[in-house]
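Single-structure report; data block below.
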2 protein chains.
Amino acid sequence: MDIFQKTGKVAIGSRLRLLTAKVTEDASKIYEMYHVDFSPKWFPVFFVLSEDGEKTITEIAEQIRHSQPSVTKIIKEMSGAGLVKGNQKSDDKRRNVVGLSKKGTQLAETLRIQTKDVELAVEGLMAESTNNLWEAIAEWEFLLQKKSLFKRVQEQKKLRESANVEIVEYEPKYKTAFKQLNEEWISNYFEIEETDSKALDNPEKSILEKGGEIFVALYENEPLGVCALIKMDDPDYDFELAKMAVSPKAQGKSIGLKLGQAVIEEARKQGAKKIYLESNTILTPAINLYYKLGFEKIVGRATPYKRCNIQMELRLK
Amino acid sequence: MDIFQKTGKVAIGSRLRLLTAKVTEDASKIYEMYHVDFSPKWFPVFFVLSEDGEKTITEIAEQIRHSQPSVTKIIKEMSGAGLVKGNQKSDDKRRNVVGLSKKGTQLAETLRIQTKDVELAVEGLMAESTNNLWEAIAEWEFLLQKKSLFKRVQEQKKLRESANVEIVEYEPKYKTAFKQLNEEWISNYFEIEETDSKALDNPEKSILEKGGEIFVALYENEPLGVCALIKMDDPDYDFELAKMAVSPKAQGKSIGLKLGQAVIEEARKQGAKKIYLESNTILTPAINLYYKLGFEKIVGRATPYKRCNIQMELRLK
DNA sequence: ATCATTTACATAACTGATTATGCAATATTA
DNA sequence: TAATATTGCATAATCAGTTATGTAAATGAT
């Protein structure tokens with residue numbers, strides 16, 4: 001049985017490689033059949049030169065999507081075979097302007113006929129198949145340019161992993177996690193302040209007993225993110241979203257988003273009208289997350305934290 | 001503008017190569033993302049080992065359609081990474097039976113999850129395209145196995161070239177061609193006999209004036225093939241097909257077939273019932289051609305040629 | 001005008017594959 | 001049972017590409 005049926009589509013790379021090898025192997029035999037002293041790998045270079053006349057090495061490389069050294073080498077080989085002339089006159093002495101030689105131009109004519117034969121053979125293959133390989137490749141090129149395979153896999157990973165993230169309410173066993181996760185990022189960017197320690201050392205007293213909530217994100221039963229909803233003593237705001245912390249090793253699982261959503265949900269349940277938060281603009285991903293959650297920037301409130309340079313609020317309807 | 005739009009489908013090899021490169025480039029980044037110390041090229045080997053348990057190097061190579069040295073090298077690398085154990089006990093000391101190590105088996109579990117993510121990403125790509133790349137490749141593999149690309153191009157070439165072959169009646173200007181083409185192949189396989197020279201030196205007298213015909217195949221106005229229809233002085237046969245000669249440099253243009261058809265057509269026109277010919281079985285392509293033209297083997301006629309070891313006839317209705 | 005930066009290319013080193021080749025171990029055959 | 005052929009694998013050489021790096025020429029900034 002064919003191995004690719006078993007591996008599934010992960011092996012698309014290997015499968016592509018094998019087909020490529022088979023096709024290029026035949027390519028050199030085909031040139032032999034036409035008795036032309038020509039290496040298949042020269043084709044793209046030769047083609048652009050016969051189409052566009054003279055060109056520099058780099059221009060060719062860009063057009064055929066090879067690396068520049070690859071084109072340099074090919075031109076050298078073709079030069080040896082007498083098909084191209086390099087170092088044409090040019091004002092810029094760095095540039096190596098190459099063009100087809102007389103022999104090259106003659107060969108172009110021969111190759112045109114051969115090209116036609118190959119074209120017909122390939123089209124015959126297309127006609128025999130129900131899925132058009134040529135078009136399929138073109139579509140992949142287009143789609144991968146819009147979003148790379150890497151990015152696509154990353155998204156799948158995130159999707160799967162975020163499905164395994166569970167948001168639970170605070171329990172005493174998460175006390176150390178709550179402290180450590182917060183200290184980790186704070187100390188990474190700033191100094192830990194007096195106000196921090198007070199809240200982190202005794203969340204029960206400083207947050208829960210005052211009517212707040214703490215949510216913990218579990219991934220495979222390990223607490224990897226926390227976020228608090230703190231009751232505010234302020235006529236303008238009901239709650240503050242604070243102490244949001246996600247372990248760096250758990251990036252990309254949408255944990256922050258899920259915590260934020262849980263916090264907002266809870267605030268809404270308790271009939272809150274507005275939630276407040278403060279942060280620092282160097283924490284770009286966090287700020288983006290807050291915007292995503294619906295928070296908007298505000299100005300002018302007093303804050304006990306030195307590190308705060310942005311304040312936001314969310315109006316709940 | 002994309003270069004492949006200009007080149008047309010001859011460049012399918014180059015295009016495949018580029019796509020393969022793009023896919024495999026992302027592959028290694030994907031492994032990195034999952035924090036596994038794993039090279040993409042190991043995948044096929046790793047896969048068969050995790051599926052089938054222990055295997056020899058050659059078995060793996062066959063299954064994943066790599067060369068044996070390639071597998072040897074990969075196994076060595078994977079061995080270095082502690083993923084496989086080689087030289088398992090085996091009666092046959094030439095064989096290197098390899099299997100996954102404990103670490104390898106553990107990794108298989110991790111990779112299973114990653115594989116799933118990639119699979120979904122690839123399927124997403126398929127879903128976004130109208131031409132299914134995976135299926136298209138499978139179809140090409142199947143079609144190319146039935147008939148290689150080389151063979152297909154060869155057929156196109158033949159088709160095109162045979163369209164340029166023109167069969168004309170003998171004229172004095174083809175006298176030397178008639179002689180040379182025949183002498184070329186005869187002297188190549190046998191000795192030129194007395195009977196040959198007589199006919200070749202003076203075709204007008206020995207063939208045409210006796211009511212026979214000679215046809216000449218022109219390719220780009222050059223005579224590259226000849227064939228004679230010789231009137232026989234025999235109650236059983238009207239004509240003999242003889243002096244068929246095609247230049248070796250004109251192989252693959254169906255010149256022999258066209259000449260044969262012209263000769264038969266002429267015989268039919270003249271009301272012939274049976275055509276005779278003699279040849280030698282070492283000339284396999286010629287014999288095959290005669291069968292293709294409808295000739296059948298007969299036995300027992302006398303012949304002036306030493307080299308003749310097969311006799312054939314064609315009954316015309 | 002001078003100095004730093006960028007550009008254009010060549011060269012070197014590497015990569016993932018291949019074919020060619022050599023050497024044991026095993027199987028086959030006279 | 002000895003000679004010969006085949007098998008299984010490792011090693012070496014090659015190939016078509018790549019990235020990294022060096023260098024001279026041109027361009028830009030102060």
Side-chain angles (χ1 to χ4, degrees), chain A residues 11 13-29 31 38-46 54-81 84 86-98, chain B residues 11 13-29 31 38-46 54-81 84 86-98:
Chain A
S14 294
R15 196 169 203 175
L16 273 168
R17 197 188 51 72
L18 279 176
L19 183 59
T20 308
K22 191 175 251 166
V23 169
T24 49
E25 187 196 320
D26 270 29
S28 51
K29 283 201 273 173
Y31 282 104
F38 196 88
S39 163
K41 67 171 170 171
W42 296 351
F43 180 78
V45 173
F46 189 84
E54 300 185 338
K55 268 196 177 323
T56 67
I57 301 269
T58 322
E59 281 166 357
I60 299 171
E62 270 165 18
Q63 201 159 356
I64 70 173
R65 291 189 252 160
H66 273 221
S67 65
Q68 163 264 311
S70 167
V71 175
T72 297
K73 217 193 270 176
I74 289 172
I75 289 293
K76 219 188 218 169
E77 288 177 24
M78 290 174 73
S79 230
V84 303
N87 285 313
Q88 312 282 72
K89 67 280 150 208
S90 155
D91 298 342
D92 189 334
K93 280 169 193 159
R94 292 168 306 176
R95 314 176 99 190
N96 183 354
V97 180
V98 294
Chain B
S14 294
R15 196 169 203 178
L16 272 168
R17 197 188 52 71
L18 280 176
L19 182 59
T20 308
K22 191 176 252 167
V23 169
T24 50
E25 187 195 321
D26 270 30
S28 50
K29 282 201 273 173
Y31 283 105
F38 196 88
S39 163
K41 67 171 170 171
W42 296 350
F43 179 78
V45 173
F46 189 84
E54 300 185 338
K55 271 198 175 322
T56 67
I57 300 269
T58 322
E59 280 166 358
I60 298 171
E62 271 165 17
Q63 201 161 356
I64 70 173
R65 291 189 255 162
H66 273 220
S67 65
Q68 165 264 309
S70 166
V71 176
T72 297
K73 217 195 268 173
I74 290 172
I75 289 293
K76 220 188 219 169
E77 289 177 23
M78 290 174 74
S79 232
V84 303
N87 284 312
Q88 311 283 72
K89 65 281 151 210
S90 155
D91 297 344
D92 189 334
K93 281 167 193 162
R94 290 168 305 179
R95 316 175 98 192
N96 184 355
V97 181
V98 293

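Throughout, a chain's letter reflects where its sequence line sits, starting with A, and its residues are numbered from 1.
- Between the CD atom of A:E77 and the C1' atom of D:dC15 there is a distance of 10 Å, given to the nearest Å.
- The side-chain hydrogen bond (donor to acceptor under 3.5 Å, both in side chains) search around A:T24 returns none, not counting sequence neighbours.
- Applying the side chain to side chain contact (heavy atoms under 4.5 Å, CB included) criterion to B:P40, with sequence neighbours excluded, gives B:A27, B:S28, B:Y31.
- Under the side chain to side chain contact (heavy atoms under 4.5 Å, CB included) criterion, B:N96 pairs with B:I57, B:N87, B:V98, not counting sequence neighbours.
- Listed by chain and number, the residues in a salt bridge (Lys or Arg N to Asp or Glu O under 4.0 Å) with B:R15 are A:E141 (sequence neighbours excluded).
- Between B:K41 atom NZ and D:dT18 atom C1' there is a gap of 14 Å when expressed in whole angstrom units.
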Can you give each donor-acceptor pair under 3.5 Å made by side-chain atoms of residues 70-77 of chain A, sequence neighbours left out, with the distance rounded to 0.1 Å?
from, atom 1, to, atom 2, distance (Å)
A:S70, OG, A:H66, ND1, 3.0
A:T72, OG1, A:Q68, O, 3.1
A:T72, OG1, A:Q68, NE2, 3.1
A:E77, OE1, A:K41, NZ, 3.4
A:E77, OE1, A:W42, NE1, 2.9
A:E77, OE2, A:K41, NZ, 2.9

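- As a whole-Å value, the separation of B:K29 NZ from D:dT19 P is 12 Å.
- The nearest whole Å value for the distance from the CG atom in B:L18 to the P atom in D:dA16 is 16 Å.
- At the phosphate of D:dG17, neither OP1 nor OP2 sits under 4.0 Å from any side-chain N or O atom of A:S67.
- By the salt bridge (Lys or Arg N to Asp or Glu O under 4.0 Å) test, B:K22 pairs with no residue at all, sequence neighbours left out.
- Protein atom CD1 of A:I74 is 9 Å distant from nucleotide atom P of D:dA16, rounded to whole Å.
- Contact check on B:E59 versus B:R95 returns a salt bridge, with a Lys/Arg side-chain nitrogen under 4.0 Å from an Asp/Glu carboxylate oxygen.
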Which letter, B, S or -, goes with each nucleotide of nucleotides 3-10 of chain D from 5' to 3', with contact meaning a protein heavy atom under 4.0 Å? ----BSBB
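- In this structure, A:R65 atom CZ and D:dT18 atom C1' are separated by 16 Å, rounded to whole Å.
- First and last contacting nucleotides of DNA chain C toward chain A (any atom under 4.0 angstrom from a heavy atom, 5' to 3' order): C:dT7 to C:dA17.
- With sequence neighbours excluded, no residue satisfies side-chain hydrogen bond (donor to acceptor under 3.5 Å, both in side chains) with B:T58.
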